[in-house]
Number of protein chains: 2
Amino acid sequence: MAPREGRSSRKTPREPLSSERIELAALKLIEQQEGLPAFSQRALARRLGVEAMSLYHWYPSQLDLMNALFDRVVGSLGVPASGTPVERLRAVSLAFRELALRHPAFVGGFVLPHRFNTAVGLALLEAMLRVFHDAGLDAAAASRRFRTWMHFLMGALLDETSGYARGPGAGAPPPDDDVARQFPLVAALGPYNKPAHHEAQFKAGLEAVLRGL
Amino acid sequence: MAPREGRSSRKTPREPLSSERIELAALKLIEQQEGLPAFSQRALARRLGVEAMSLYHWYPSQLDLMNALFDRVVGSLGVPASGTPVERLRAVSLAFRELALRHPAFVGGFVLPHRFNTAVGLALLEAMLRVFHDAGLDAAAASRRFRTWMHFLMGALLDETSGYARGPGAGAPPPDDDVARQFPLVAALGPYNKPAHHEAQFKAGLEAVLRGL
DNA sequence: ACCTGAACACCGTTCAAGT
DNA sequence: ACCTGAACACCGTTCAAGT
């Protein structure tokens, strides 16, 4: 969308690095084309117009940069402080989904498979648990319900970011007419796998799970 | 567990490669130590006592090898043909969990984030969908319930393989007493995060979700 | 048919050095 | 304080060659 960095400015003094600039460029790069697998310190540096080693002045390692991205993304989530428990859980669930759709490669590839044990991640978990606490549940009951809900949420978002919806699959899947012949029930689900149905599916699944709690 | 390959046999003619031997060694290597990130064609070849390029005689690329591992692992799952729908879903859910615990790095890192669109993967999906079909549901209703259940299952297994249970987290998480002070509800859940509780949590969550359907 | 050696274009990271 | 160049130990993969 912009043939800017590597080409133009030769004499204009280069905009200095900053964690803000690095992190925004990283998040943008991760969501482009080949996603997380194609993300590298060297590719990021190239995009920023610096040498790869410059990044080590700002983050001691690639993992530290990734953790900064995690905090930046997860830190944008909040849990409403008022409303019924179900309303509050519904709100943060939908907000998490919006976030995942905004950063599918990063959320699916890094956020979901990682423990939320940064200060920012723990603060989010604490706010979520407060909903269950406010509903009058003790630790054992809260743990059960919290985890069941989270498992549905993680699975649904994994599916929309890395799974059947857009994620990688086999290199040479069977052709469609073979699928129709050998796996008729799978084939019959085809229409419901379209992105147009995802939001409705997510909301219906969420209500079913909240009901089951 | 065995100082065998790289050391001893110099004069004994090396056991020839085979896809069986390669795949078993790969699955074993993936579950060792540093997991999927440390897995490489070169490391696998080293372990097998051959050069990395030899693997290309058996699989055209690393991705093809991974897909073969996917089929080998996922192909071991089956859905009971008889029983009530809930019994059949419960059985395959528990079997999937056992499989995930036997291959946590591979299931969490490769199977769950990938589309089940190999012939083997599609056959499993078809068998799962047959349960919903046998329950008399039309395609729309089956799709809703199937996906909600799968989302819970994927999320739960992701958590047990790559998430809070054993997966990677921030390099420098806040120390425990800081957590206890700032995030008391999170800290109160500590005891329930122990592996001893995982099976009970999984079963309880599964029943809640099946009830919600 | 099965395996190898050399080479190419990549990685993350360290270290000493430049401004 | 901020950035760089050269180097090290890795990657996956191609290609021509060995047996």
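Lettering of chains follows the sequences in order, A, B, ..., and the numbering in each one begins at 1. Computed from a predicted model, the values in this text were never measured in an experiment.
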Separation of D:dC2 atom C1' from A:Glu15 atom CD, nearest Å, is 15 Å

D:dA1 C1' sits how many Å from A:His57 NE2, rounded?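 Distance check: A:His57 NE2 to D:dA1 C1' gives 5 Å.
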
If pairing means Watson-Crick or G-U wobble with both distances under 3.5 Å, then the partner of D:dC15 is C:dG5

Each nucleotide of nucleotides 6-19 of chain C classed B (base within 4.0 Å of a protein heavy atom), S (only sugar-phosphate) or -, in 5' to 3' order, makes BB---BBBB-----

If you compare every side-chain N and O of B:Trp58 against the phosphate oxygens of C:dC3 (OP1, OP2), does one of them come in below 4.0 Å?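 The answer is yes; a side-chain N or O of B:Trp58 sits under 4.0 Å from OP1 or OP2.
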
Return the nearest nucleotide to the side chain of A:Ser54; candidates are C:dC3, C:dT4, D:dT4.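 Of C:dC3, C:dT4, D:dT4, D:dT4 is nearest to the side chain of A:Ser54.
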
Looking at A:Phe70 versus A:Phe106, is the centre-to-centre ring distance below 6.0 Å?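 No, they do not, as the ring centres are separated by 6.0 Å or more.
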
- Could you tell me whether a side-chain N or O of A:Asn117 sits under 3.5 Å from a main-chain N or O of B:Ala170, the two making a donor and an acceptor? yes

> Judged by atom type as modelled, is there a donor-acceptor pair below 3.5 Å linking the side chain of B:Ser54 to the main-chain atoms of B:Glu51?
Replying inline: yes

Audit row: B:Tyr59, B:Glu23, side chain to side chain donor-acceptor pair (under 3.5 Å) steps and yes/no: CA-CA 11 Å; B:Tyr59 307 90; B:Glu23 291 167 22; 2.5 Å; yes

side-chain hydrogen bond (donor to acceptor under 3.5 Å, both in side chains) pairs touching residues 175-185 of chain A, sequence neighbours excluded, are none

Exercise for review: Decide whether a cation-pi geometry holds between B:Arg97 and B:Phe202; the criteria are a distance under 6.0 Å from NZ or CZ to the six-membered ring centre and an angle within 45° of the ring axis.
Suggested key: yes

